[in-house]
Undergrad: 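Just dropping this structure here.
We count residues from 1, following the sequence as given.
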Amino acid sequence: MTSKRNLSRPTDWSRRRTAVLRRDRGVCYLCGRVGADEVDHVVAVADGGSWDQANLRSAHRACHGAKSRRDRVRRSR
């Protein structure tokens, strides 16, 4: 099953993702260390966030996962 978020993913997502990782120089915005390998929405799409580069930041997989879990818990309250 495809999530609503993935259905709304822009066709140029790969280009945007690469641009964000390059812009942030691989520094995770959540912990400040280098080696970020994913891109996170600062404001989640589920919370009304956009796919604009201004709402995207580089993050480590673990940091991104932890933030996403916190967001889901907050949303369920």
Undergrad: Can you name the residues that form a side-chain contact (heavy atoms from CB on, under 4.5 Å) with Arg22, not counting sequence neighbours?
TA: Thr18
Undergrad: Do Leu56 and Val27 sit in the same hydrophobic cluster, where Ile, Leu, Val, Met, Phe, Trp and Tyr count as joined when their side-chain heavy atoms come under 4.5 Å apart?
TA: no
Undergrad: Looking at NZ of Lys67 and CZ of Arg74, how far apart are the two atoms once the value is rounded to the nearest 0.5 Å?
TA: 8.0 Å
Undergrad: Applying side-chain contact (heavy atoms from CB on, under 4.5 Å), name anything that partners Ala59, two or more places apart in sequence or on another chain.
TA: Cys28, Tyr29, Leu30, Asp40, His64
Undergrad: Parallel, tilted or perpendicular for His41 and Trp13, by the 30°/60° rule?
TA: parallel
Undergrad: Between Asp37 and Arg17, which heavy-atom pair has the shortest distance, and what is it?
TA: O-NH2, 2.6 Å
Undergrad: Between atom CZ of Arg61 and atom OG of Ser68, what is the distance when rounded to the nearest 0.5 Å?
TA: 11.5 Å
Undergrad: Please enumerate all residues that pass salt bridge (Lys or Arg N to Asp or Glu O under 4.0 Å) together with Arg69, with sequence neighbours excluded.
TA: none
Undergrad: Excluding sequence neighbours, so at least two apart, what forms side-chain contact (heavy atoms from CB on, under 4.5 Å) with Arg75?
TA: Ala44, Ala46, Asp47, Asp71, Arg72
Undergrad: Is a side-chain donor or acceptor of Asn55 paired with a backbone partner of Gly49 at a separation under 3.5 angstrom?
TA: no
Undergrad: According to salt bridge (Lys or Arg N to Asp or Glu O under 4.0 Å), who are the partners of Arg23, at least two apart in sequence or on a separate chain?
TA: none
Undergrad: What are the two closest heavy atoms between Arg15 and Asp12, and how far apart are they?
TA: NH2-OD2, 2.6 Å
Undergrad: More than 12 foreign heavy atoms under 6.0 Å from CZ of Arg25: is that the case here?
TA: no
Undergrad: Using side-chain contact (heavy atoms from CB on, under 4.5 Å) as the criterion, list what pairs up with Asp52, not counting sequence neighbours.
TA: Ser50
